[in-house]
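Since this is a predicted model, take the numbers as computed values, not measurements.
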Amino acid sequence: FDFTLYFFVTFLSFPLYDPATALGKLPHPEGELSIARATYNHNIIYMVPTLGSYSVDDIGLIKAPDQSLWFQLYVNSNRSLCKDLVARAEKIGCQALCITVDAPQLGRRERDMRNKFTAQKPSVQKGQGVNRDEGTARALSSFIDPSLNWDDLKWFRSITKMPIVLKGVQCSEDAIKAIEYGCAGIVVSNHGGRQLEFSRSGIEMLEEIMNELERTNNKDKLEVYMDGGVRRGSDIFKALALGARGVGIGRPALWGLASYGQDGVEKVLQILKDELVMVMALMGCPDLSYIRRDMLITKDLSNHTTIVPRNEMLNGGYVPMRPPISKL
């Protein structure tokens with residue numbers, strides 16, 4: 001099976017990328033370094049986070065010379081700091097600037113607030129007097145500028161040659177506006193479902209956005225990616241069928257990292273590859289170009305419900321085993 005494709009001008013072996021996840025040392029001491037090494041071994045994009053335990057410079061020291069990286073930016077009110085971060089990302093060879101737009105502040109994460117984890121800070125917050133009494137998320141929010149708006153994109157284009165991707169687009173109107181403001185791509189995402197309760201899932205928003213891009217003849221003007229809720233190879237297939245160029249996985253990679261470090265991340269990536277091979281084989285798709293929209297039934301997508309057929313073989317086809325009756 002041929003999974004090769006381009007993300008912008010980057011040739012990759014699989015339609016998957018690892019999105020930016022903060023504080024990689026929480027699950028494992030090697031944190032982002034292990035994720036960077038694992039993604040390189042599988043020839044997929046690693047999106048370097050602003051609020052990582054390791055800095056962008058640390059990633060630059062261990063990255064392979066031909067490794068494909070993007071840089072995720074939380075915009076700070078201090079634009080000089082933003083400019084410095086972008087310059088450092090360019091210096092280590094990042095090929096796209098992904099500006100997070102779905103988090104003017106981080107959501108109210110009550111478990112985190114009760115836990116009050118204070119053992120570590122992101123590399124960019126070292127030396128700053130950050131209040132961590134209300135948990136990690138609230139502390140990270142202090143870095144983010146809530147006044148970020150469309151007009152700021154002109155300034156970002158003036159300080160970098162990297163293509164700009166808006167990370168966290170959630171409606172078709174903003175997708176069209178991203179084209180008007182010169183963005184090269186968008187990531188359709190609800191920030192892992194941790195921002196606004198009852199917000200739509202990435203796959204649901206993806207359908208609306210791709211329909212509008214097709215209706216307005218803008219489909220070829222924007223590269224569309226999606227993250228959130230991807231747990232199986234079949235999920236990757238669904239997103240590609242709806243029109244996404246690639247999908248991001250955050251939590252699964254962190255689960256692998258927490259369990260077995262770099263080997264765990266690589267195992268997760270391999271499982272997803274193997275599952276996509278199976279799905280494509282059963283759907284008659286020898287390569288990615290064969291995946292079509294009409295292979296999906298999406299009529300219940302916005303209802304958030306689906307009818308699951310009864311498993312007759314499990315429930316009625318076999319006589320259930322009964323435990324032996326005690327003679328005591």
Side-chain angles (χ1 to χ4, degrees), residues 16-23 47 49-51 72-75 98-114 134-150 152-153 165-179 181 183 185-213 222-232 234-236 238-255 296 298-306:
L16 193 71
Y17 66 93
D18 190 290
T21 48
L23 298 176
M47 189 186 292
T50 296
L51 299 176
Q72 174 269 335
L73 179 68
Y74 278 120
V75 178
C98 304
I99 301 175
T100 295
V101 296
D102 60 359
Q105 72 169 57
L106 296 183
R108 184 179 177 85
R109 303 172 188 174
E110 293 176 346
R111 291 182 181 178
D112 176 51
M113 293 168 68
R114 288 194 294 268
E134 296 185 36
T136 301
R138 289 300 176 93
L140 298 183
S141 289
S142 65
F143 183 86
I144 302 169
D145 181 8
S147 71
L148 178 68
N149 62 76
W150 290 100
D152 290 315
L153 290 175
V165 178
L166 297 187
K167 183 179 182 294
V169 171
Q170 301 184 15
C171 65
S172 57
E173 293 86 351
D174 284 348
I176 298 298
K177 206 163 186 177
I179 297 173
Y181 276 81
C183 297
I186 60 173
V187 176
V188 180
S189 172
N190 66 3
H191 211 97
R194 297 174 298 149
Q195 287 295 93
L196 181 64
E197 286 186 302
F198 309 112
S199 61
R200 295 182 299 166
S201 65
I203 196 77
E204 185 181 347
M205 297 183 288
L206 177 65
E207 184 187 38
E208 176 205 317
I209 288 170
M210 295 311 301
N211 285 343
E212 183 65 12
L213 291 177
L222 195 69
E223 291 201 3
V224 179
Y225 302 86
M226 188 209 81
D227 69 35
V230 177
R231 300 293 181 266
R232 293 288 186 181
S234 55
D235 297 330
I236 300 173
K238 294 171 191 175
L240 297 179
L242 285 176
R245 189 149 189 88
V247 299
I249 56 151
R251 288 189 182 94
L254 293 178
W255 296 332
L296 299 184
T298 61
K299 64 184 180 68
D300 288 324
L301 184 58
S302 62
N303 296 331
H304 298 181
T305 60
T306 184

Handout entry: Side-chain donor-acceptor pair present, Thr100, Gln72, cut-off under 3.5 Å
Key = yes
Practice task
Considering non-hydrogen atoms only, spot the tightest contact between Pro104 and Pro146 and give its length.
Solution key: O-CB, 3.5 Å
Problem - Whether Thr21 side chain and Gly250 backbone form a donor-acceptor pair below 3.5 Å - result: no
Practice task
Would you check if Leu213 and Val224 make a side-chain contact, meaning some heavy-atom pair closer than 4.5 Å?
Solution key: yes
Practice task
Indicate yes or no: at least one non-hydrogen side-chain atom of Asn190 is less than 4.5 angstrom from one of Gln195.
Solution key: no
Completion exercise
Here the pair of heavy atoms bringing Asp18 nearest to Ala253 is OD2-CB, 3.2 Å
Problem - Ser189 vs Asp102, side-chain contact (heavy atoms from CB on, under 4.5 Å): CA-CA, chis, key distance, verdict - result: CA-CA 8 Å; Ser189 172; Asp102 60 359; 4.1 Å; yes
Handout entry: Gap separating the CG atom of Leu153 from the NZ atom of Lys177, nearest 0.5 angstrom
Key = 10.5 Å
Exercise for the section: Taking the side chain as every heavy atom from C-beta outward, state whether Thr298 and Lys238 have any pair of such atoms under 4.5 Å apart. Expected result: no
Practice task
Examine distances only and state if a side-chain atom of Asn211 and a backbone atom of Glu208 form a donor-acceptor pair shorter than 3.5 Å.
Solution key: no
Handout entry: Expected output: side-chain Arg200 to main-chain Gln170 donor-acceptor under 3.5 Å
Key = yes
Problem - Audit row: Ile99, Leu148, side-chain contact (heavy atoms from CB on, under 4.5 Å) steps and yes/no - result: CA-CA 10 Å; Ile99 301 175; Leu148 178 68; 4.1 Å; yes
Practice task
Could you pull out the closest heavy-atom pair between Gly243 and Met210, with the gap in Å?
Solution key: O-CE, 3.7 Å
Handout entry: Leu16 side chain reached by Val247 side chain, heavy atoms, under 4.5 Å
Key = yes
Practice task
Can you see which heavy atom on Leu196 is nearest to which on Ser199, and at what distance?
Solution key: O-OG, 3.0 Å
Exercise for the section: Show the numbers, then the answer: is there a side-chain contact (heavy atoms from CB on, under 4.5 Å) between Ile249 and Ile236? Expected result: CA-CA 10 Å; Ile249 56 151; Ile236 300 173; 5.8 Å; no
Exercise for the section: Kindly give the heavy-atom pair with the smallest separation between Ala244 and Leu206, and that separation in Å. Expected result: CB-CD2, 3.9 Å
Exercise for the section: Please lay out, stage by stage, how Arg251 and Arg231 fare under the test side-chain contact (heavy atoms from CB on, under 4.5 Å). Expected result: CA-CA 9 Å; Arg251 288 189 182 94; Arg231 300 293 181 266; 3.7 Å; yes
Practice task
Determine whether Tyr181 and Asp174 make a side-chain contact, defined as any pair of heavy atoms from C-beta on separated by less than 4.5 Å.
Solution key: no
Handout entry: Side-chain heavy atoms of Ile186 within contact of Ile209, under 4.5 Å
Key = yes
Exercise for the section: Ignoring hydrogens and angles, state whether a donor on the side chain of Tyr225 or Glu223 is under 3.5 Å from an acceptor on the partner side chain. Expected result: yes
Exercise for the section: Using a 4.5 Å cut-off on heavy atoms from C-beta on, say whether the side chain of Leu301 contacts that of Leu296. Expected result: no
Handout entry: Within 6.0 Å of CZ in Arg232, more than 12 heavy atoms from elsewhere
Key = no
Exercise for the section: Taking the side chain as every heavy atom from C-beta outward, state whether Thr50 and Phe143 have any pair of such atoms under 4.5 Å apart. Expected result: yes
Completion exercise
Between Met226 and Tyr17 the two heavy atoms that sit nearest each other are O-OH, 3.8 Å
